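What follows is one structure encoded as structure tokens, with my remarks underneath.
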Amino acid sequence: MNDPRLTPLAAALPATAPFVGPEAQERAQNQAFIARLGANESAFGPSSKAVLAMGAATPDIWKYGDPENHDLRVALAEHHGVGPEHIAVDAGIDTLMGVIVRLFVGAGEAVVTSDGTYPTLDYHVTGHGGVIHKVPYQNDKTNPAALVAKAIETGAKLIYLANPDNPMGSWHEATALTRAFADLPEHAILLLDEAYGEFAPDRTLPPVDTADRRILRLRTFSKAYGMAGARVGYAIGAAETLVHFDKVRNHFGMNRVAQVGALAALKDRAWLDHVVNSTARARERLSWIAGSNGLMPLASATNFVTVDCGAGPDFAAAVKDALIARGIFIRMPFAPPGNRCIRIGAGTPADLDHLARALPLALQDARAIIG
Ligand SMILES: *Cc1c(COP(=O)(O)O)cnc(C)c1O
């Protein structure tokens, strides 16, 4: 629809809904999901201490949150062994990506990412007139050396890499990343998205080095901390990079209750450990369920397992749709070759009981359609 009031850029953008929410699907099916395993949320929920702290903070909701996020930044800084000037808090990684793109990507400027990886950065870049260059996965993993080579070739200032990766669940050891990114140009910024960092095995996350101006790490309370709806994420990086965030960020964008909740969640190390351990057990059982149904689970360092359905994208989509029709909310990777897979969250034992019952039937449904 042409609207002359739009900017030329906005007029040229396609209307897209990158992720159809489970709520929309529930409305369309007129039925609630019995297992919510499609959005990589933590089915184990947040720390009860965070819940209590948020409840106690609710009467103060008439106040704006602290625009400097002071207490949370100080606690996060201590957690990572850096100064608070090396931490920037905002309403989730997705929001931080918007701030970063607005600061560093001008019209026509190049950004490098992996084809099929977490797509939110692409929407920000395209929305600001930047140009996305994609590098293929190699063996279902991001390819750090190829990303760097592409950045050099295109002159990109921004390079995106999720480690561990969504949607494939794959990961690189820190040493391999550090080696590949040694060649990163001085003028470039690597956005190292560690949304699943808490789940990853030892030696996956490179040590934090805030002296390296080329790296910005992105972390979130949405996954292992179980607070996706609170919207809290943060960047770790050089102070002289983060200081620019104040130029464009939404200073009162943080929910006051979420600030308090994240602080309490950060202090509850026992709950985080419990979630990480429960998630690891759930991944094992989920992989077993997939394997015993003739599917091939991929190794995962996240809170989901990506499962190769052993045929093309049409079959994977049919399995996904059949699970959805049977009340199990899941998603699948968008791009080839990942789209031969479905992606299933490492949910609670009850969630996985539902999955174990539904999957054989969903496979029958899918085979009846695809043959
Ligand atoms: C879920 C996810 C995010 C979103 O993080 P928020 O803090 O909720 O915005 C970012 N990156 C990756 C790779 C994710 O999977």
Side-chain angles (χ1 to χ4, degrees), residues 18-22 36-43 45-46 50 69 72 76 87-101 111 113-125 137 140-142 144 147 158-172 177 190-200 204-205 216-236 245 249-250 253-255 258-259 261-262 265-266 275 279 283 298 300-306 329-335 338 341 343-346:
F19 301 105
V20 180
R36 182 168 164 128
L37 302 173
N40 301 351
E41 299 152 330
S42 178
N69 296 292
L72 181 56
L76 286 166
I87 305 283
V89 169
D90 216 323
I93 289 177
D94 290 359
T95 300
L96 285 159
M97 285 177 174
V99 169
I100 292 161
V101 167
V111 175
T113 187
S114 303
D115 194 13
T117 192
Y118 186 70
T120 302
L121 184 77
D122 306 19
Y123 294 96
H124 287 299
V125 170
Y137 282 129
D140 296 325
K141 286 185 178 197
T142 56
L147 288 165
L158 217 55
I159 297 141
Y160 175 77
L161 178 120
N163 189 50
D165 181 61
N166 176 18
M168 300 316 288
S170 53
W171 70 102
H172 295 283
L177 282 189
L190 166 66
L191 283 189
L192 186 53
D193 185 339
E194 297 177 330
Y196 302 96
E198 293 84 2
F199 297 110
T204 304
L205 309 181
L216 279 179
R217 337 257 297 218
L218 300 173
R219 306 290 287 262
T220 183
F221 284 85
S222 296
K223 305 288 157 66
Y225 290 99
M227 294 178 59
R231 311 304 303 128
V232 186
Y234 59 101
I236 315 170
F245 285 28
R249 75 186 176 97
N250 177 7
M254 287 299 296
N255 180 314
Q259 289 173 326
L266 187 68
V275 170
T279 302
R283 276 198 313 255
L298 308 188
S300 168
T302 65
N303 64 352
F304 58 83
V305 176
T306 296
F329 168 53
I330 65 156
R331 288 199 173 116
M332 66 182 285
F334 298 101
C341 303
R343 192 194 69 187
I344 311 175

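Worth saying up front: this structure is predicted, and the values here are computed from it rather than measured. Every number for a ligand or one of its atoms is a count from 1 in the order of the listing.
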Side chains of residues 88-98: which donor-acceptor pairs under 3.5 Å do they make with residues two or more places apart or in other chains?
unit_1: Asp94; atom_1: OD1; unit_2: Tyr118; atom_2: OH; d: 2.7
unit_1: Asp94; atom_1: OD2; unit_2: Tyr118; atom_2: OH; d: 3.1
unit_1: Thr95; atom_1: OG1; unit_2: Ala91; atom_2: O; d: 2.7

Just the distances, no angles: every ligand 1 N or O to protein N or O pair closer than 3.5 Å, one line each.
unit_1: ligand 1; atom_1: 7 (O); unit_2: Ile93; atom_2: N; d: 2.7
unit_1: ligand 1; atom_1: 7 (O); unit_2: Thr220; atom_2: OG1; d: 2.6
unit_1: ligand 1; atom_1: 7 (O); unit_2: Ser222; atom_2: OG; d: 3.4
unit_1: ligand 1; atom_1: 8 (O); unit_2: Ser222; atom_2: OG; d: 2.6
unit_1: ligand 1; atom_1: 8 (O); unit_2: Arg231; atom_2: NH1; d: 2.7
unit_1: ligand 1; atom_1: 8 (O); unit_2: Arg231; atom_2: NH2; d: 3.4
unit_1: ligand 1; atom_1: 9 (O); unit_2: Ile93; atom_2: N; d: 3.1
unit_1: ligand 1; atom_1: 9 (O); unit_2: Asp94; atom_2: N; d: 2.9
unit_1: ligand 1; atom_1: 9 (O); unit_2: Asp94; atom_2: OD1; d: 3.4
unit_1: ligand 1; atom_1: 9 (O); unit_2: Arg231; atom_2: NH2; d: 2.8
unit_1: ligand 1; atom_1: 11 (N); unit_2: Asp193; atom_2: OD1; d: 3.4
unit_1: ligand 1; atom_1: 11 (N); unit_2: Asp193; atom_2: OD2; d: 2.6
unit_1: ligand 1; atom_1: 15 (O); unit_2: Asn166; atom_2: ND2; d: 2.8
unit_1: ligand 1; atom_1: 15 (O); unit_2: Tyr196; atom_2: OH; d: 2.6
unit_1: ligand 1; atom_1: 15 (O); unit_2: Lys223; atom_2: NZ; d: 3.0

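- Minimum heavy-atom separation, Ala265 to Met227: CB-SD, 3.7 Å.
- Taking the ring-ring contact (aromatic ring centres under 6.0 Å, His included) definition, one finds that Tyr196 meets it with Phe304, sequence neighbours left out.
- A donor-acceptor contact under 3.5 angstrom links the side chains of Arg343 and Asn166, judged on distance only.
- With no hydrogens or angles considered, no side-chain donor-acceptor pair links Asn303 and Thr279 at under 3.5 Å.
- Tyr225 meets the side chain to side chain donor-acceptor pair (under 3.5 Å) test with no other residue; sequence neighbours excluded.
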